[in-house]
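Order of listing sets the numbers, starting from 1, for every ligand and every atom in it.
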Amino acid sequence: MDYLFPPEPTVSVGIVGRSERFPVRRIYCVGHNYVSHILETGRDPDRESPFFFNKPSDGIVGDRESLPYPPATASLHHEVELVVAIMQGGYEIPPEQAEDHIFGYAVGVDLTRRDLQQVAEDRSLPWTAAKAFDRSAPCGLLTPKGGCPQMNAGQIALTVNDRPRQDADLGEMIWSVPEIVSYLSRMFELKPGDLVFTGTPSGVGFVLPGDRIEATIEGLTPLRFSIEDAD
Ligand code: MN
């Protein structure tokens with residue numbers, strides 16, 4: 001096929017112990033999936049249920065990369081999240097079959113322009129500028145599901161310059177991984193290459209130029225990245 005100009009290369013994520021890479025199609029994200037984070041945003045967990053939004057697939061930042069501090073914000077926040085990688089697509093997947101559609105898991109960070117998110121909320125606008133900006137989706141190496149524990153419990157944590165910021169347990173998720181895959185597949189046809197960021201616990205906070213971020217989930221390879229120095 002002739003294109004008017006060369007298409008952008010396919011975005012991909014590395015896989016632990018494999019030379020092949022996981023090609024990324026779409027990035028879905030879950031909002032408000034931990035009670036502790038709903039509480040720290042000043043909302044009522046009894047009245048908030050999880051929901052979905054998207055990030056662009058070319059927003060992926062790989063392990064040990066650095067990114068420039070993004071424009072148009074004075075409040076760039078970290079949100080450590082379990083990332084689910086879909087290998088087998090489908091519609092209306094029952095929770096008990098969700099596992100069959102999953103390739104594996106990674107540690108991700110949902111970078112957020114918190115100040116723009118507040119503006120969006122105040123004015124009932126979409127979250128696009130707050131959540132779906134360039135380089136907003138750092139994602140570590142994927143561990144195939146056979147090589148890690150079941151992702152229904154285990155520590156999820158994040159440090160900035162070695163100082164603890166977030167520290168929680170995957171068992172606190174409101175929607176479990178199978179429930180997320182099932183809900184998503186009722187609204188969208190899932191396809192191989194889809195990634196799902198599954199929400200963040202409390203402790204979100206800002207990062208600054210020069211900061212080193214390390215995000216960890218028990219049983220998975222840590223994700224490390226940094227924000228470039230301003231100059
Ligand atoms: Mn998030």
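Just one residue in the list T159, T216, T200 forms a side chain to side chain donor-acceptor pair (under 3.5 Å) with Q166, and that residue is T200. With respect to T112, the side chain to side chain contact (heavy atoms under 4.5 Å, CB included) criterion is satisfied by exactly one of L116, D110, V109: D110.
Of all the N, O or S atoms in E79, the one closest to the Mn ion (ligand 1) is OE1. The name of the N, O or S atom in D110 nearest to the Mn ion (ligand 1) is OD2. Of all the N, O or S atoms in E81, the one closest to the Mn ion (ligand 1) is OE2.
Salt bridge absent: R26 and D194 never bring a charged side-chain N and a carboxylate O closer than 4.0 Å.
Here R21 pairs with nothing under the salt bridge (Lys or Arg N to Asp or Glu O under 4.0 Å) rule; sequence neighbours left out.
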